[in-house]
There are 2 protein chains.
Amino acid sequence: MALSREKILDTAFTLLTQYGLADLSMRRLASELEVAPGALYYHVKNKQELLTHLASRMLAPIEFPQDASTAAALTSAADQVYRQLAGIRESAEVVRLAVALHPERLELLSALTITCHKAQVPQLAAKTLLHSMLSFIEEEQTRATSTGTEAATQPPASYCDAISAVARGFLAA
Amino acid sequence: MALSREKILDTAFTLLTQYGLADLSMRRLASELEVAPGALYYHVKNKQELLTHLASRMLAPIEFPQDASTAAALTSAADQVYRQLAGIRESAEVVRLAVALHPERLELLSALTITCHKAQVPQLAAKTLLHSMLSFIEEEQTRATSTGTEAATQPPASYCDAISAVARGFLAA
DNA sequence: ACCTGAACACCGTTCAAGT
DNA sequence: ACCTGAACACCGTTCAAGT
């Protein structure tokens, strides 16, 4: 079976979840795929782009409710982001990298920005909200690993409270 | 003049501001100081700790008003964080690393947490607020570099608006 | 106590050459 | 078109040995 971007991303994802971001190197990825390191660069521009693709993948299943009220849409998005990312190791870091590097390539962020725009809320609220979700998720993950427990698969009440607090702040502005 | 942790941090800071985080390697730092790479490890545990110290340094000048109202204290903190970090390349990343690694060693965060506690605001509000500031500052810096201009030394109105929106969200909870 | 030399086990990326 | 081999220019960290 020949190499492909999809196959590379599959393996990258496995490597991330099983060994963590520090072990997700181009060389390690290549050896896992049993190809020479240089082969990867025929399918991916560089490591940063690979991580951006990975972030898009992690957020891809999220469905953004286009018809709901602004508050409801944001709540739903926050809920889905949590469910999608909480179980994936270092997911927050990976998404943060993608936001910093290629925000326009993240569908979720585009949808969030449109919603903010429609609701007359400052557009940067979208990024601020996403960043708030990411820091909370990261926090919950480190808490979970330090206590030896698993991160809650459902968003904890404190997460929902925090995010809706941030959203409320913008909506009231 | 002998090597010392302070001297290492001075040079690390210069390297960061002049060449960026990617060029701030232990080896580069050592060569800049004209010592062998291994010498650094007599003064600093490892690179992560060095970066944590650097973050503490960047936030050290910030004075947290202990007697002011909660809203005023947060506004003042947000203002000072912006002024302190906006001019320093990749400062947000460095601080973020420190928050994730050793939050208890950051005086600012401790002060913020105490204020939140006193005001009956959820304690994680402190981190959420700091993260919001960081993402905004990072955003302003990338905007500045992409347009070829300098990042505003004073916090823009949109920054103050965004942070106070987040704070308001928590205070109203 | 403080530092060097040298090693260990890695990186990301490029590119001529092969199939 | 797709991949290998080999190189280039690096990393962080450790540790016996020297002063």
Side-chain angles (χ1 to χ4, degrees), chain A residues 1-57 89-90 93-102 105, chain B residues 1-57 89-90 93-102 105:
Chain A
M1 188 194 179
L3 204 56
S4 69
R5 179 180 286 192
E6 288 312 306
K7 216 184 156 195
I8 291 172
L9 284 170
D10 284 346
T11 310
F13 190 81
T14 311
L15 230 41
L16 177 70
T17 52
Q18 296 207 321
Y19 304 95
L21 192 55
D23 281 14
L24 173 45
S25 67
M26 297 301 268
R27 293 185 104 101
R28 177 77 191 275
L29 195 48
S31 85
E32 212 80 13
L33 288 158
E34 293 176 296
V35 295
L40 300 175
Y41 290 85
Y42 193 86
H43 301 274
V44 193
K45 201 182 155 221
N46 51 36
K47 191 181 178 180
Q48 293 203 324
E49 215 200 59
L50 185 141
L51 290 173
T52 304
H53 283 300
L54 216 55
S56 300
R57 253 198 187 204
R89 240 221 265 200
E90 267 134 318
E93 271 98 323
V94 176
V95 173
R96 209 126 58 184
L97 222 148
V99 173
L101 225 65
H102 297 295
R105 293 196 203 161
Chain B
M1 190 189 178
L3 204 57
S4 71
R5 179 181 285 190
E6 288 312 305
K7 216 185 155 191
I8 291 172
L9 284 170
D10 285 345
T11 310
F13 189 80
T14 310
L15 230 42
L16 177 70
T17 52
Q18 295 207 322
Y19 304 96
L21 194 54
D23 280 14
L24 174 45
S25 68
M26 296 303 266
R27 293 184 105 100
R28 178 77 192 277
L29 194 49
S31 83
E32 211 80 15
L33 288 159
E34 292 177 295
V35 294
L40 301 175
Y41 290 84
Y42 192 86
H43 301 275
V44 194
K45 202 183 154 221
N46 52 35
K47 190 180 180 179
Q48 293 203 326
E49 215 200 58
L50 185 141
L51 290 174
T52 304
H53 283 301
L54 216 54
S56 300
R57 252 198 189 205
R89 242 220 264 199
E90 266 134 318
E93 271 97 323
V94 176
V95 173
R96 211 125 61 185
L97 221 149
V99 173
L101 224 66
H102 297 296
R105 292 196 203 163

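Quick note on labels: first sequence line is chain A, next is B, and so on, each numbered from 1.
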Run the salt-bridge test on A:Glu6 and A:Arg57 with the 4.0 Å N-O cut-off and return the result as yes or no. yes
Roughly how many Å is it from [atom1] in [X] to [atom2] in [N], rounded to a whole number?
X	N	atom1	atom2	value
A:Glu34	D:dC2	CD	P	20 Å
A:Leu33	D:dC3	CG	P	10 Å
A:Leu29	C:dC10	CG	C1'	16 Å
B:Leu40	C:dC2	CG	P	14 Å
B:Leu15	D:dC10	CG	C1'	15 Å

Watson-Crick or G-U pairs under 3.5 Å in DNA chain C, rendered as dot-bracket with [ ] for crossing pairs and | for another strand: ||.|||||...|||||.||
Report yes if at least one side-chain N or O of A:Tyr42 is closer than 4.0 Å to OP1 or OP2 of D:dC2; otherwise report no.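 Yes, because at least one side-chain N or O of A:Tyr42 sits under 4.0 Å from OP1 or OP2 of D:dC2.
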Phosphate contact (D:dC3 OP1 or OP2) by A:His43 side-chain N/O below 4.0 Å: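 Yes, A:His43 has a side-chain N/O under 4.0 Å of OP1/OP2 on D:dC3.
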B/S/- along nucleotides 12-19 of chain D (protein heavy atoms under 4.0 Å) is BBBB----
For the student: nearest non-hydrogen atoms of A:Thr17 and A:Arg89, plus distance: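 Looking at all heavy atoms of both residues, the closest pair is O-NE, 3.6 Å.
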Point-to-point distance, once rounded to the nearest 0.5 Å, from [atom1] of [X] to [atom2] of [Y]:
X	Y	atom1	atom2	result
A:Asp10	A:Leu54	CG	CG	10.0 Å
A:Asn46	A:Thr52	CG	OG1	8.5 Å
A:Glu90	A:Leu97	CD	CG	11.5 Å
B:Lys45	B:Leu40	NZ	CG	15.5 Å
B:Leu16	B:Glu93	CG	CD	9.5 Å

Say we look at D:dC15 and C:dC2: how far apart would their C1' atoms be, to the nearest angstrom? 14 Å
When you compare D:dA9 with C:dC10, how far apart are their C1' atoms, in angstrom units rounded to a whole number? 14 Å
Heavy-atom distance under 4.5 Å between the side chains of B:Asp23 and B:Leu15, does that happen here?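 A side-chain contact is absent here, since even the closest heavy-atom pair is not under 4.5 Å.
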Quick check: do B:Leu21 and B:Leu51 have side-chain heavy atoms less than 4.5 Å from each other? yes
